[in-house]
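So the structure is just underneath, and the comments pick up after that.
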Amino acid sequence: MLAGLLGSLTGLGGGVVLTPVLILFLGVPIQYALGTSLISTIATSSGAASAYVKDELSNMRIGISLEIGTTSGAIVGSLTLYEIERLHLLNIIAIIFGAVLIFSTFPNFAKMKTEVPEGVKPDFFTRKLKLMGTYYDQALKRDVKYVGRRYPLGLVGMFIAGFMSGLLGIGSGAFKVLAMDFMMTLPFKISTATSNFMIGVTAATSSGLYWSFGFIDPVLVASTIPAVLLGSLIGTRYLNRLMSRRLRQLFTVVLILLGVQLILRGIGVLP
Amino acid sequence: MNLERIVSLTLRIGVILSSALVILGLILFYVEGRGVTINSSYFDLTRLAYGIAHLDPLAIILLGVLVLVATPVIRVLELGVNYVVSDKDKLYVILSFAVLTLMLVGILLLPRIVG
């Protein structure tokens, strides 16, 4: 439930918090933790997205145009995971997982100050793909216009995000938010909501392969989904009321702590 | 009913239906008290259908998972249809159906080849 709450607050989709908890605190084998997390990611994404769409925070055009990258990345990522599992190298996944968590927090430090990007100029792809919109920001109490640019760069970022999603059984929301926020200069709240919307599509793409690899333990999944869903619904309800900056700080601290623990586990320092 | 309402409703129905199935399966699992769980690789579509017909708890849970996986697929389909019918936006018709194809390749086609 905590995973779902944090997941939807940060646009991470919960999996990134759930997997370390399952591995580190509950002793679940890595492949089942990845499978459970992947499925719960779809649940939180759909649960949270059903609320976001009404709030007009998620942008469907931006979502769909970038999902080309995430879905193809997801296919490559889950096939890579299969190879790694076959070679009995799943500890590498724990290390990569931890490294990814920590790495994904760095750009956050750089951008902590700006709340909403201003004066962004549209480019060729902005016009061609109509990557723009307006939303009402509850914290600033005014309408904010936004523009997404550098689409090709965003698409590359999304392929990497999709790859990570397939490889690590996460929604890879952090990468998606970074690609939209940092590369395409979209406001954090739009990136978060849109990424939450995209996470389900990405995770669903990997799920068929996870299923046939046998990474899904029905009982574990069934015990996790309802709790994670409940958490994500609570998270969604309060997202728009929190300041972006506080959101980022919360996001950062949790990621670093879990990342360090997983790396220690992967290299065998922690049992 | 506009698109956003339909998408929102799809997601909600998908999530509620799959949670219900998953919880039902879990309850049956503990009521039967088998205590042994089998991972998903055992359940291809034939075994899944057989399991559901015989109220196998694990198969019911996996049916819930299947509903959950189908939800985003249907959502993308709805978006695609919307771009055909009401927006008449050719570029986005192509983009949505490309995404849909990639999803179906990942979910249905590749597991048959690799798994």
Side-chain angles (χ1 to χ4, degrees), chain A residues 31-32 35 39-40 42-54 56 60-61 63-65 67-68 70-72 74-75 78-79 82 128-130 166 197-226 229 233, chain B residues 3-5 7-12 14-15 18-19 21-23 25-26 29-30 37-44 57-62 64-66 68-73 75-76 79-80 82-83 89 91-92 95-96 98-99 101-112 114-115:
Chain A
Q31 65 269 38
Y32 292 136
I39 298 303
S40 78
I42 307 175
T44 38
S45 161
S46 296
S50 70
Y52 279 128
V53 187
K54 277 192 303 194
E56 291 170 5
M60 301 237 198
R61 279 183 203 276
I64 275 287
S65 62
E67 269 161 5
I68 301 276
T70 63
T71 47
S72 45
I75 290 173
S78 44
L79 289 174
Y82 180 56
K128 191 81 186 158
L129 292 167
K130 306 189 189 89
F197 210 39
M198 298 171 67
I199 283 167
V201 173
T202 315
T205 308
S206 310
S207 65
L209 285 166
Y210 273 57
W211 183 308
S212 70
F213 300 160
F215 288 2
I216 295 165
D217 172 350
V219 175
L220 187 62
V221 167
S223 330
T224 316
I225 289 180
L229 254 178
L233 290 178
Chain B
L3 174 73
E4 294 185 350
R5 292 280 298 277
V7 167
S8 193
L9 202 66
T10 306
L11 294 170
R12 202 157 292 180
V15 166
S18 96
S19 311
L21 285 166
V22 154
I23 292 169
L26 194 64
F29 178 79
Y30 285 115
T37 163
I38 313 168
N39 77 38
S40 56
S41 64
Y42 172 80
F43 290 95
D44 56 19
L58 299 182
I60 292 172
I61 293 173
L62 286 174
V65 172
L66 207 62
L68 201 60
V69 170
T71 309
V73 180
R75 177 186 76 92
V76 172
L79 277 173
N82 174 68
Y83 288 125
D89 189 331
L91 184 59
Y92 272 91
L95 284 172
S96 345
V99 171
T101 308
L102 282 167
M103 292 183 85
L104 293 176
V105 165
I107 296 169
L108 297 174
L109 187 64
L110 281 177
R112 279 167 191 272
V114 187

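Below, chain A is the first sequence line, B the second, and so on; all start at residue 1. The basis for the numbers below is simple: all heavy atoms, side chains too, and nothing from hydrogens, waters or symmetry mates. Note that the structure is a prediction, hence the values are computed from the model and not measured.
- Considering every non-hydrogen atom in both B:V15 and A:S46, the closest pair reads CG2-CB, 3.4 Å.
- Neither the backbone nor the side chain of A:S206 comes within less than 4.5 Å of any heavy atom of chain B.
- When the candidates B:D44, B:V69, B:L66, B:L21 are compared by the number of heavy-atom contacts under 4.5 Å with chain A, B:V69 comes out ahead.
- Proximity to chain A (any heavy atom under 4.5 Å) is restricted, for B:L79, to the side chain, taken from C-beta onward.
- B:D89 places a side-chain heavy atom less than 4.5 Å from the side chain of A:K130.
- Looking at B:S96, both its backbone and its side chain come within 4.5 Å of chain A, counting heavy atoms on both sides.
- Within the 4.5 angstrom heavy-atom criterion, only backbone atoms of A:F215 (N, CA, C, O) approach chain B.
- Comparing B:L91, B:L108, B:T101, B:L104 by heavy-atom pairs within less than 4.5 Å of chain A, the highest count is held by B:L91.
- Among A:A222, A:G208, A:G214, the residue with the largest count of heavy-atom pairs under 4.5 Å with chain B is A:G214.
- Between B:L62 and A:W211 the shortest side-chain heavy-atom distance falls below 4.5 Å.
- For B:L58, the parts lying near chain A are the backbone and the side chain together; criterion is any non-hydrogen pair under 4.5 Å.
- The side-chain contact (heavy atoms from CB on, under 4.5 Å) search around B:S18 returns B:V67, B:L68, not counting sequence neighbours.
- A heavy-atom distance below 4.5 Å is found between the side chains of B:P72 and A:I42.
- In terms of heavy atoms, A:S65 sits closest to B:L95 at CB-CD1, 3.9 Å.
- Both the backbone and the side chain of A:S223 come within less than 4.5 Å of a heavy atom of chain B.
- Listed options A:T71, A:D217, A:T202, A:V201 were ranked by heavy-atom pairs under 4.5 angstrom with chain B; first place goes to A:V201.
- We find the OG1-CG distance between A:T224 and B:L26 to be 9.5 Å, quoted to the nearest 0.5 Å.
- Scanning for side-chain contact (heavy atoms from CB on, under 4.5 Å) contacts around B:I23 gives A:P226, B:I27, with sequence neighbours left out.
- Residues B:V22 and A:I225 come closest through the heavy atom pair CG2-CD1, 4.4 Å.
- Contacts of A:I75 with chain B are made by side-chain atoms alone, with heavy-atom separations under 4.5 Å and no backbone atom involved.
- No part of B:Y42 comes within reach of chain A, as not one of its non-hydrogen atoms sits under 4.5 angstrom from that chain.
- For A:I39, the parts lying near chain B are the backbone and the side chain together; criterion is any non-hydrogen pair under 4.5 Å.
- B:Y92 places a side-chain N or O within donor-acceptor distance of the main-chain N or O of A:L129, the cut-off being under 3.5 Å.
- Looking at B:I107, both its backbone and its side chain come within 4.5 Å of chain A, counting heavy atoms on both sides.
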